[in-house]
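Chain A is the first sequence line, chain B the second, and so forth, proteins listed ahead of strands; every chain is numbered from 1. Side chains included, hydrogens not; waters and symmetry mates left out as well; all remaining heavy atoms used.
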Amino acid sequence: MKRASFSKIRFVVAAIGTVPLLAVAQTAEAGENGKQNSPTGTIVGKVSFDKKTRLKSKRKEFVKVVVSVEDIESSAEDMAMARDSRNTPVIDQKDMTFRPHVLPVLLGEMVDFPNSDPLFHNVYSNGETKRFDLGMYPKGQSKQIDFDKPGIVELRCKVHSEMQAFILIKKNPYFATVQKDGSFRIDNVPVGTHTLEFWHPKAKAFSREVTLEDGSTVELDVAFSERRGRRG
Amino acid sequence: MIRKATNPLLMIAIFLSIVLAAPLLGVGSSAGSIAHGLEGDAEIDRFVALAKRFGVRTEDWFVAYFHRPRDVVFDSTDRGRPNGFDKPDEAFSDAFSKFLSEADSNGDGRYDLRDEGFDPEYDAEDLERFDRNKDGILTPNDVAPRPKPALRDRIRRIIEALGHDKQRYVGWPEPRQTPEKRIERRILDLQASEQVQSIDRGKTARAIQAVVEERASLLAPGIARGRKIFEQRCTGCHGPEGRGDGPAAAFVGNTLDGKGALALPRNLARGVFKYQSRDVGRHPTDEDLFATIRRGLPGSAMPASTDLTDPDVWDLVDYIKHLAERAHRARFADEAVPLFLQSYGLSVVEPVPDPPSATPTLVQEGRYAYMLMQCFACHGVSGRGDGIRAIQADTDGRLIQARNYQATRLLKGGSSPSEIYRTIAHGIGGTPMPAHTDDVLLLTNDMSVDFTEAIRIGGGAVDEDSGDDEEEEEEQEEEYEEPKYEFRLVPGISQTEVDRIKAYVSTLPSQQAASTISAADHLRASRMRRWALVHYVRSLMPLAEHDRHSSDTKKDMVEKKATNNTKGTSQ
């Protein structure tokens with residue numbers, strides 16, 4: 001808030017067809033099979049943080065970024081298929097931390113909350129998207145809960161008030177967590193013009209429009225420009 | 001003026017105005033001892049008499065009272081003791097408001113967890129500067145005037161003279177008999193019928209709607225009466241909308257020495273309450289709210305309301321429910337069933353059965369459970385509220401401290417065995433005190449007896465990726481490092497005790513055996529363990545003084561003090 005702003009938002013959208021991509025580690029979070037018939041494209045890109053966010057462009061912050069296509073609402077069958085094709089998402093409680101800190105999941109998906117610390121933990125949320133409290137449980141035990149409403153759930157632990165995590169519940173499988181090097185990739189996105197949202201717990205979320213053609217790959221290079229909430 | 005005062009409130013009003021006006025008319029104007037705005041023991045006596053009649057009054061309450069009497073006693077004619085307070089200077093207040101207006105993203109006049117971007121590490125510098133009372137968040141408390149030492153001493157003397165441990169204690173009300181109970185039953189039946197496939201859903205929805213409307217009209221008169229009482233007695237701290245932001249809120253939650261801000265007025269509109277006999281995440285019963293209003297919350301500024309009649313308190317309960325339901329409806333317009341009805345029947349109200357008596361074995365078992373359940377993490381190995389996590393943030397981000405059982409016999413949620421039982425079972429809403437459900441309390445022989453606690457070894461630890469791409473590095477970044485922890489054995493537990501607990505754990509059923517026992521046995525075992533905890537906690541509490549001399553008066557107190565003093569000097 002005290003520093004002058006360099007509100008530089010680099011914004012490059014380049015459709016580069018099927019050119020081989022940057023050599024980065026990639027995980028496609030999207031469901032793979034079964035959608036070969038309809039025309040789809042791929043979105044890849046890199047994320048960084050501007051100075052004003054006071055967040056470092058480092059792996060610790062990158063992995064808290066979720067990139068998602070916001071304006072598609074998948075059909076119930078597609079969602080069920082996407083759910084089946086994924087492993088149960090897990091948020092571990094280890095070393096007094098929820099791991100991962102940010103987890104995108106599909107609507108209706110069960111999330112597993114194991115406790116790996118040698119003391120009792122608790123998971124609860126008081127938010128509007130989902131209100132629950134899993135109670136206390138010791139090391140080695142695990143509890144599950146499903147998320148049936150799209151939105152953001154802030155998780156906390158009653159007995160350790162500094163523990164915090166976020167679950168982002170998405171209406172379609174076209175989302176990805178940014179990798180440790182700041183890159184992301186979303187496969188099999190239906191063609192058309194979409195709104196792509198970038199979310200980080202401490203930086204102000206923003207969105208970009210992307211237009212996909214069949215078999216094309218859109219490349220983005222974007223930066224979070226502001227801190228969340230507080231001005232400047 | 002002396003009409004037939006059928007309204008108890010009116011009577012209180014008259015009584016209060018007479019008593020409180022006295023200092024102004026009479027001795028109040030006597031010169032000399034007014035430096036701090038109080039004029040001697042006569043006034044202390046008056047307050048003690050008042051508080052004895054109207055129930056527990058606390059430090060905070062008196063601070064608020066002396067600053068702005070009308071905020072906490074609506075018809076007081078007292079002018080307060082403004083000279084007894086220190087105000088922060090104007091420059092500080094201005095800077096504070098400026099910062100708050102920028103930082104407060106949700107516009108509730110506070111900067112706390114619920115504001116976007118709130119981050120104690122990131123905001124450390126600003127918090128250091130503005131958080132005058134060191135409660136970790138910014139609230140009007142930080143710019144509130146503080147009592148000067150002389151006034152502080154006087155308040156301490158009043159509190160001491162009150163001897164709060166000896167206050168009349170009010171327990172549970174009789175179950176409420178109202179038409180609303182029947183309404184709740186009908187809603188429940190309708191909801192059950194909704195589960196049946198063949199039913200006409202539209203019809204059920206309309207029927208529910210009709211019952212909800214009927215409930216609203218049934219409750220309306222009570223709500224209207226309750227609102228009046230609320231506006232007279234509660235808005236000072238809880239604010240006109242019940243959001244915990246009344247003018248006196250700034251004075252409560254300050255301990256007299258100015259350190260810590262514990263237990264600020266509840267935001268009633270959030271619908272989260274501390275003490276309830278329903279499961280976690282559900283809502284309190286009418287009886288729960290009644291008990292809290294009657295008893296007050298000893299240890300916070302919330303006074304006991306022993307002067308209200310039962311019907312008055314029930315009206316107040318209806319209005320408080322209404323505040324929460326109204327706020328909830330504003331957020332979730334599509335929910336047909338009002339907030340409190342959603343809890344009805346959906347979770348089991350666990351009846352608190354008759355307590356088994358406190359045998360030494362049970363107390364000892366309670367101690368084992370206390371250790372195995374890691375209660376020591378907050379309440380400390382010896383129950384003094386000095387565990388490694390004793391002070392931490394509640395769900396609103398303000399600091400709250402675990403109870404020191406050795407200090408008092410008055411617990412906020414009630415100190416009778418069945419009330420402590422309830423608090424252990426359901427936790428304390430909105431605070432770090434969790435619920436201890438039947439599942440949790442079924443201990444097995446694989447429980448860890450390595451009593452570990454996590455100590456924070458601070459951020460600033462070596463960054464894993466230091467060295468790579470530092471292209472944007474210019475000035476030094478105030479970087480927030482994730483806190484790091486280390487697990488260590490809890491100090492203060494003797495090896496003898498560890499051995500004893502080990503022996504106890506070996507007598508517990510194995511996890512497999514535990515999973516096969518019948519539901520009834522399970523319930524019996526966990527309940528007995530909860531009772532064991534209750535009796536252990538009670539065994540830590542100081543002996544009740546009034547058990548020894550029950551008709552303790554101010555005179556006795558003074559005499560006792562005098563003898564103590566002579567003892568002190570003669571030695």
Only counting residues at least two apart or in another chain, list the ones meeting side chain to side chain donor-acceptor pair (under 3.5 Å) with A:Arg99.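 So A:Arg99 forms no side chain to side chain donor-acceptor pair (under 3.5 Å) with any residue.
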
Sequence-distant partners of B:Ser97, side chain to side chain donor-acceptor pair (under 3.5 Å), two or more places apart: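 Scan of B:Ser97 (side chain to side chain donor-acceptor pair (under 3.5 Å), adjacent residues dropped) gives none.
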
**Prompt:** Given that the side chain runs from C-beta out, which part of B:Thr452 has a heavy atom under 4.5 Å from chain A: side chain, backbone, both or neither?
**Reply:**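 Both backbone and side chain of B:Thr452 come within 4.5 Å of chain A.
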
* Asked: Judged by modelled atom types alone, do B:Asp123 and B:Tyr111 share a side-chain donor-acceptor pair under 3.5 Å?
  ->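 Judged by distance alone, the side chains do pair up.
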
Which atoms of [X] are under 4.5 Å from chain B, going by heavy atoms: the side chain, the backbone, both sets, or neither?
X	answer
A:Pro138	neither
A:Phe132	neither
A:Glu154	neither
A:Tyr137	neither

- Heavy atoms only, distances under 4.5 angstrom: which of B:Glu453, B:Gln392, B:Met447 has the most pairs with chain A? Name it, please.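 Counting heavy-atom pairs under 4.5 Å, the top option is B:Gln392.
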
message: Quick check on the interface: out of A:Gln141, A:Lys139, A:Arg156, who has the most heavy-atom pairs with chain B under 4.5 Å?
response: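 Looking at each option in turn, the highest pair count goes to A:Arg156.
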
Any Lys/Arg nitrogen of A:Glu70 or A:Lys171 sitting under 4.0 Å from an Asp/Glu carboxylate oxygen of the other?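 Answer for the salt bridge query: no.
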
**Asked** Is there a side-chain contact (heavy atoms from CB on, under 4.5 Å) between B:Leu372 and B:Phe451 once you walk through the steps?
**Response** CA-CA 8 Å; B:Leu372 291 168; B:Phe451 299 111; 4.3 Å; yes

Please step through side-chain contact (heavy atoms from CB on, under 4.5 Å) for the pair A:Lys130 and A:Ile145, ending with a clear verdict. CA-CA 10 Å; A:Lys130 179 104 183 170; A:Ile145 194 156; 4.0 Å; yes

